[in-house]
2 protein chains.
Amino acid sequence: MPKGVPSATVSRLVTYLRVLTDLERAGVSRTSSDILATEAQVTAFQVRKDLAYFGSFGTRGSGYSVHGLRQELRRILGLTRPWRVAIVGMGRLGQALADFPQLGEFDFELVAAFDVDEQKVGKVLGGVEVRHTDELARAAADLDIDIAFLTVPTPAAQAATDKVVAAGIVGILNFVPTVVSTPPEVWVETVDFLAALKRLAYYIKGRAPVIDESGVKVGST
Amino acid sequence: MPKGVPSATVSRLVTYLRVLTDLERAGVSRTSSDILATEAQVTAFQVRKDLAYFGSFGTRGSGYSVHGLRQELRRILGLTRPWRVAIVGMGRLGQALADFPQLGEFDFELVAAFDVDEQKVGKVLGGVEVRHTDELARAAADLDIDIAFLTVPTPAAQAATDKVVAAGIVGILNFVPTVVSTPPEVWVETVDFLAALKRLAYYIKGRAPVIDESGVKVGST
DNA sequence: ATATGTGAATTGATTCACAGCG
DNA sequence: CGCTGTGAATCAATTCACATAT
């Protein structure tokens, strides 16, 4: 596990893994940095450099084994063992994620769900019984929870995070549009579509088609 | 609109804007790069450098006007005018997004929804009438659509993207876990929670609590 | 002949120190 | 005096050229 790997490299490795999975599913047995680069929309240099952080996985002159490189990437990314996931916050999004069928496909197992609403505690939503968030520490130890999906309302985010941290959970997938504080041993990845939408506004500002006086779309000025 | 702004800066501007909105809502009238930095979990240097790409918005010795800086960031990010959004792909996620109440709060207006499924075309899902995806080009011109939310099944992603591009839409918020190809005048922001989850696995690999033989959690080795 | 793996060069982003203004 | 704004320095990431292996 080398140090100093750019986080952009980790993101790209996830993309390469998806491309390799598609290739393997399509029955392709060998590939190259060129092909991976095209599919991932990066350069072949970048693909090779990204892989070089972790070792040498190809054969000079003939490229990479699709299956072999896929296994290596799964190992590098830590996707060869099942991760045990809990959802914290069973509102609309939490319930939708509980229902999401493809989680298991990728060795992520939903093992618990939590909410502070007594109306929800004890009910089964999306196939899991909802427990009270105060049970987090006990349940995390019993159920060996690795990852929490944080899907609580924004004002509750930090308090819920503190409970997750106190429970010894080291990974948080944060769906709440706010920055939460955690000790350094806890890693937080954020998924925030409103933030992505606002970035998009920045990039297309001034590019959006302009309608001229006759109602015809013309290029931006 | 300065060139060469790091994309990380754009992401952080979105965070600063959220912090400023919270501060304004809380009735705070002035702030500083230090306060913004703490809330956004970056350094004060970084805040000032990020803002410096676009101008000078503070007062030396006394910091920033919360309201003033918030307006500047809204202007910089292109959030002072309404953006017209269409959803392409009215499956589970598309319907959930159509139902999402907070879009309008941020000057994003849902103006149309598309699907290829004849069963869905003509129905009203999440408050919008669903049109056939082949109507995209016509509708985009009539309704002046700026942004498409891409929420189609993965195998349909590129074909749907091509229709979006042909319709003259310049911004795509891509929820599909794949890389789509677009001409350079179209900007794509990707929201992929499975990718974020896999990155998380990488970072916590080796950090996850280890259970010793007596069933007690101990630090990772 | 061909495509990988990698050190060197370049480009880009962040950090810093302090000059500049209120 | 305090806090912003910014050029210079450091640090990090990407690009490139080519040596290397099959």
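Convention: sequence-line order gives letters A, B, ...; per-chain numbering from 1. Quick caveat: nothing in here was measured; it's all calculated off a predicted structure.
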> Using a distance-only test with no angle check, is there a side-chain donor-acceptor pair under 3.5 angstrom linking A:T80 and A:R75?
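Checked: A:T80/A:R75 side chains show no N/O donor-acceptor pair below 3.5 Å.
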> Counting the atoms with a prime plus P, OP1 and OP2 as sugar-phosphate, which does B:R12 contact under 4.0 Å by heavy atoms, base, sugar-phosphate, or nothing?
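Answer is sugar-phosphate: B:R12 comes under 4.0 Å of backbone atoms only.
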> Expressed in angstrom and rounded to an integer, what is the separation of A:L69 atom CG from C:dA3 atom P?
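Nearest whole value for this atom pair: 16 Å.
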> It should be established whether B:S33 places a side-chain nitrogen or oxygen under 4.0 Å from OP1 or OP2 of nucleotide D:dT4.
yes
> Between A:T43 and B:Y64, name the one whose nearest nucleotide on DNA chain D is closer to the 5' end.
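The residue whose closest nucleotide sits nearer the 5' end is B:Y64.
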> Are A:Y16 and A:T31 close enough that some pair of their side-chain heavy atoms sits under 4.5 Å apart?
no
> Are A:Y53 and D:dA12 close enough that a side-chain N or O sits under 4.0 Å from OP1 or OP2?
no
> For A:S7, what residues pass the side-chain hydrogen bond (donor to acceptor under 3.5 Å, both in side chains) criterion, not counting sequence neighbours?
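Scan of A:S7 (side-chain hydrogen bond (donor to acceptor under 3.5 Å, both in side chains), adjacent residues dropped) gives none.
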> Which part of the nucleic acid does B:A8 contact within heavy-atom distance under 4.0 Å: base, sugar-phosphate only, or nothing?
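Answer is sugar-phosphate: B:A8 comes under 4.0 Å of backbone atoms only.
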> What's the CG-P distance between A:L51 and C:dT4, to the nearest Å?
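Going from CG in A:L51 over to P in C:dT4 covers 10 Å.
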> Rounded to the nearest angstrom, tell me the gap between atom CD in B:Q46 and atom C1' in C:dC16.
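Rounding to the nearest Å, CD of B:Q46 and C1' of C:dC16 are 12 Å apart.
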> B:E189: what forms a side-chain hydrogen bond (donor to acceptor under 3.5 Å, both in side chains) with it, not counting sequence neighbours?
A:R199, B:W187
> For D:dT4, does OP1 or OP2 lie under 4.0 Å from any side-chain N or O of B:S56?
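Answer no for this pair, as no side-chain N or O of B:S56 is under 4.0 Å from OP1 or OP2.
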> Once each nucleotide of nucleotides 17-22 of chain C is scored for protein heavy atoms under 4.0 Å, what B/S/- sequence comes out, 5' to 3'?
B-BBBS
> May I have the step-by-step check of side-chain contact (heavy atoms from CB on, under 4.5 Å) for B:F100 and B:L103, ending in yes or no?
CA-CA 6 Å; B:F100 186 73; B:L103 262 193; 4.1 Å; yes
> Looking at C:dG7, C:dT4, D:dT4, which one has an atom nearest to any side-chain atom of A:K49?
C:dG7
> Do A:Q95 and A:D99 have a side chain donor and acceptor closer than 3.5 Å?
no
> Under a plain distance cut-off of 3.5 Å, with no hydrogens placed, do B:S62 and B:R30 share a side-chain donor-acceptor pair?
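B:R30 vs B:S62: donor-acceptor pair found between side chains.
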> Stem finding on DNA chain D, please: runs of three or more consecutive Watson-Crick or G-U wobble pairs, both distances under 3.5 Å, sorted by first number.
C:1-22 with D:1-22
> Go through the structure and list residues passing side-chain hydrogen bond (donor to acceptor under 3.5 Å, both in side chains) with B:T9, not counting sequence neighbours.
B:R12, B:D50
> Give every residue pair that meets the ring-ring contact (aromatic ring centres under 6.0 Å, His included) criterion with at least one member in residues 145-184 of chain B, sequence neighbours excluded.
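Found A:F193-B:F175, B:F149-B:F175.
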> Distance check needed: C:dT15 C1' versus B:D50 CG, whole Å only.
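Rounded to whole Å, this separation is 12 Å.
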